[in-house]
A.B. asks: 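I am attaching a structure below and will ask some questions about it afterwards.
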Amino acid sequence: MEKKSSSFANLFLLLIFFILYAPIFYLIFYSFNSGGTMSHFEGFTLDWYRELLHDTRLLIIVLNTVVIALLSALIATITGVLGAIGIRSYKRRQTRNTLLSLNNVLIVSPDVIMGASFLILFTMAGIQLGFYSVLLSHIAFSIPIVVLMVLPKLMEMSPSLEDAARDLGASHWNVLTKVTLPYIAPGIFAGFFMALTYSLDDFAVTFFVTGNGFSTLSVEIYSLARRGVSLNINALSTLMFVITVIFVVVYYYLASRSGTKGASLRR
């Protein structure tokens, strides 16, 4: 009975993965179609990728996307690490849980709500929509992710390590840089790559806060799709999917090394 139940569970899991990934692989398959349509595969070609790489405007958009992702991930990682250290420093468990709950609310909030909120904020503050509005938005939604990646590693660390360093004469800065940060380094790297992946993939928030003359890959793909089906979209989406998969694999590798399985305030 257990064997039948296990076989059914595996079959159901395979079906779910097929439903999720079939459209993606269908899109990737037709990005190599020489026929120029997604209805009939005529032959293998790389022309759509060559055309994509000769599109100067698109290359600028790719550069915008990468710069935004790297800057936002870097700033969010620094801020998130400091935030996680701040949460851990509170002695009362109720205070720590409250701060962590407030952090988690930003993660589970719908992207449309966050995008609209940022749009209203930037409009009221007189910030012109464009590079800086997108950068600030990506930093804001990446910080909670970094906190969740770093905090479990911090909670693993025994306070006696820092106490011993202070007893030996280490300053607060030396304790932070030579004891705390090296210990939580795997969590920091995992948080950085997770923030980088979220930034590269984000569409909903970016769509609200981007302005004329500035765009990212996700917004550009949406714009191209609205004009009609073109295999340029397939080629561009394929490249984005491959890059995202690479970052996710690196993230899980680092997370498995650090043992980061989720935020928990149990000692």
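Fair warning: this is a prediction, and the values are worked out from it, not measured in the lab.
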A.B. asks: Run the side-chain contact (heavy atoms from CB on, under 4.5 Å) check on I75 and I143 step by step: do they pass?
C.D. replies: CA-CA 8 Å; I75 298 172; I143 290 174; over 6 Å; no

A.B. asks: Looking only at the side chains, is there a donor atom on one of N104 and S101 sitting less than 3.5 Å from an acceptor on the other?
C.D. replies: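 No.
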
A.B. asks: Please walk me through it: do L52 and L239 pass side-chain contact (heavy atoms from CB on, under 4.5 Å)?
C.D. replies: CA-CA 10 Å; L52 204 61; L239 292 177; 3.8 Å; yes

A.B. asks: Do the side chains of I78 and V146 get nearer than 4.5 Å, heavy atoms only?
C.D. replies: no

A.B. asks: What class does the angle between the rings of F141 and H138 fall in, given that below 30° is parallel, 30 to 60° is tilted and above 60° is perpendicular?
C.D. replies: tilted

A.B. asks: So do I85 and L154 actually touch side chain to side chain, heavy atoms under 4.5 Å?
C.D. replies: yes

A.B. asks: State yes or no: do I139 and Y132 share one hydrophobic cluster built from I, L, V, M, F, W and Y residues joined by side-chain heavy-atom distances below 4.5 Å, directly or via other members?
C.D. replies: yes

A.B. asks: To the nearest 0.5 Å, what is the distance between CG on N232 and CD on E220?
C.D. replies: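 Here the rounded value is 10.5 Å.
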
A.B. asks: Apart from I19 itself, which Ile, Leu, Val, Met, Phe, Trp or Tyr residues share its cluster (side-chain heavy atoms under 4.5 Å, direct or through members)?
C.D. replies: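 ILVMFWY cluster around I19 also holds L15.
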
A.B. asks: Say you draw a straight line from CE of M194 to OG1 of T197; how long is it, rounded to the nearest 0.5 Å?
C.D. replies: 7.0 Å

A.B. asks: Side chains of L14 and N10: does their closest heavy-atom pair fall under 4.5 Å?
C.D. replies: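 A side-chain contact is absent here, since even the closest heavy-atom pair is not under 4.5 Å.
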
A.B. asks: Which atoms form the tightest heavy-atom contact between K153 and I184, and what is the distance?
C.D. replies: CG-CA, 3.6 Å

A.B. asks: Any side-chain heavy atom of V112 within less than 4.5 Å of one from V205?
C.D. replies: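 No. Closest side-chain heavy atoms not under 4.5 Å.
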
A.B. asks: Can you name the closest pair of heavy atoms from V147 and P152 and give their distance?
C.D. replies: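 Closest pair (atom of V147, atom of P152, distance): O-CD, 4.3 Å.
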
A.B. asks: What are the two closest non-hydrogen atoms of S133 and S137, and how far apart are they?
C.D. replies: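 Scanning both residues, the minimum pair turns out to be O-OG, 2.8 Å.
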
A.B. asks: Tell me whether the centres of the aromatic rings in F41 and F29 are closer together than 6.0 Å.
C.D. replies: yes

A.B. asks: Can you see which heavy atom on V150 is nearest to which on A84, and at what distance?
C.D. replies: CG1-CB, 3.9 Å

A.B. asks: Heavy-atom distance under 4.5 Å between the side chains of F17 and L13, does that happen here?
C.D. replies: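 Sidechains of L13 and F17: in contact.
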
A.B. asks: Any side-chain heavy atom of L217 within less than 4.5 Å of one from L58?
C.D. replies: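 SC-SC contact between L217 and L58 confirmed.
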
A.B. asks: Quick one, S109 and I113 - any side-chain contact, counting heavy atoms below 4.5 Å?
C.D. replies: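 S109 vs I113: side chains apart.
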
A.B. asks: Look at the side chain of T210 and the backbone N and O of F214, then say whether any donor-acceptor pair between them is shorter than 3.5 Å.
C.D. replies: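 Judged by distance alone, yes, a pair lies under 3.5 Å.
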
A.B. asks: How many angstroms lie between atom OG1 of T238 and atom OH of Y30, to the nearest 0.5 angstrom?
C.D. replies: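 These two atoms lie 13.5 Å from each other.
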
A.B. asks: Mark yes or no for whether N234, through its side chain, and I28, through its backbone, hold a donor-acceptor pair below 3.5 Å.
C.D. replies: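 Between the backbone of I28 and the side chain of N234 there is no qualifying donor-acceptor contact (under 3.5 Å).
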
A.B. asks: Start with the C-alpha gap between V67 and L63, add the side-chain angles, then the distance that decides, and say whether side-chain contact (heavy atoms from CB on, under 4.5 Å) holds.
C.D. replies: CA-CA 6 Å; V67 170; L63 181 62; 4.1 Å; yes

A.B. asks: Counting neighbours of OH on Y90 that are heavy atoms of other residues, nucleotides or ligands and sit closer than 6.0 Å, is the number greater than 12?
C.D. replies: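 At most 12 heavy atoms, drawn from other residues, nucleotides or ligands, come within 6.0 Å of this atom.
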
A.B. asks: Distance check, rounded to the nearest 0.5 Å: L102 atom CG versus L106 atom CG?
C.D. replies: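 Answer rounded to 0.5 Å: 8.0 Å.
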
A.B. asks: Does L200 belong to the same Ile/Leu/Val/Met/Phe/Trp/Tyr cluster as V249, with side-chain heavy atoms less than 4.5 Å apart forming each link?
C.D. replies: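 Yes, same cluster.
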
A.B. asks: Using modelled atom types and a 3.5 Å cut-off, is there a donor and acceptor pairing between side-chain atoms of R96 and backbone atoms of I87?
C.D. replies: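 No, R96 side chain to I87 backbone: no donor-acceptor pair under 3.5 Å.
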
A.B. asks: Which atom pair, heavy atoms only, marks the closest approach of S237 to L27?
C.D. replies: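 Result for this residue pair: CB-CD2, 3.5 Å.
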
A.B. asks: What are the two closest heavy atoms between M157 and V179, and how far apart are they?
C.D. replies: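 Shortest heavy-atom contact: SD-O, 4.4 Å.
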
A.B. asks: Answer yes or no: is there a donor N or O on one side and an acceptor on the other, between the side chain of S31 and the main chain of A235, under 3.5 Å?
C.D. replies: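 A pair under 3.5 Å: no.
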
A.B. asks: Decide ring-ring contact (aromatic ring centres under 6.0 Å, His included) for F118 and F208; before the verdict, give the C-alpha distance in whole Å, the side-chain angles of both, and the deciding distance to 0.1 Å.
C.D. replies: CA-CA 8 Å; F118 284 130; F208 277 93; over 10 Å; no

A.B. asks: Answer yes if the side chains of E42 and N33 hold a donor-acceptor pair under 3.5 Å, and no otherwise.
C.D. replies: no

A.B. asks: Using the rule that two of Ile, Leu, Val, Met, Phe, Trp, Tyr join whenever any of their side-chain heavy atoms come within less than 4.5 Å, decide whether L181 and W173 are in one cluster.
C.D. replies: yes

A.B. asks: Output the distance between atom OG1 (T98) and atom CZ (R92), rounded to the nearest 0.5 Å.
C.D. replies: 8.5 Å

A.B. asks: Could you state the interatomic distance from OH (Y49) to CG (L236), rounded to the nearest 0.5 Å?
C.D. replies: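 Here the rounded value is 9.5 Å.
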
A.B. asks: Just by modelled atom types, is the L196 backbone N or O under 3.5 Å from a matching donor or acceptor in the S199 side chain?
C.D. replies: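 Absent.
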
A.B. asks: Using modelled atom types and a 3.5 Å cut-off, is there a donor and acceptor pairing between side-chain atoms of S218 and backbone atoms of D202?
C.D. replies: yes

A.B. asks: Are I188 and Y183 co-members of a hydrophobic cluster defined by side-chain heavy atoms under 4.5 Å apart?
C.D. replies: yes

A.B. asks: Can you check whether F193 and F189 have ring centres sitting under 6.0 Å from each other?
C.D. replies: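 They do not qualify: ring centres at least 6.0 Å apart.
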
A.B. asks: Between F207 and I127, is there shared hydrophobic-cluster membership here, with clusters defined by ILVMFWY side-chain heavy atoms closer than 4.5 Å?
C.D. replies: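 As far as the 4.5 Å side-chain criterion goes, I127 and F207 are not connected within one cluster.
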
A.B. asks: Using a 6.0 Å cut-off, check whether atom OH of Y198 has over 12 heavy atoms from anything other than its own residue.
C.D. replies: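 Not buried by this count: 12 neighbours or fewer within 6.0 Å.
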
A.B. asks: Go through it in stages, so that I can follow the logic: the residues are V209 and L136, the test is side-chain contact (heavy atoms from CB on, under 4.5 Å), and I'd like the CA-CA distance, side-chain angles, deciding distance and then a yes or no.
C.D. replies: CA-CA 10 Å; V209 298; L136 291 172; over 6 Å; no

A.B. asks: CZ of F241: more than 12 outside heavy atoms within 6.0 angstrom?
C.D. replies: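 Enclosed.
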
A.B. asks: Using the six-membered ring wherever Trp is involved, compare the ring planes of F32 and F44 and label them parallel, tilted or perpendicular (cut-offs 30° and 60°).
C.D. replies: parallel

A.B. asks: Please identify each residue that fulfils side-chain hydrogen bond (donor to acceptor under 3.5 Å, both in side chains) with D111, with sequence neighbours left out.
C.D. replies: none

A.B. asks: List in chain and number order the residues that pass side chain to side chain contact (heavy atoms under 4.5 Å, CB included) with I120, two or more places apart in sequence or in another chain; answer none if no residue qualifies.
C.D. replies: M124

A.B. asks: Taking C-beta and beyond as the side chain, do F203 and T216 meet within less than 4.5 Å on heavy atoms?
C.D. replies: no

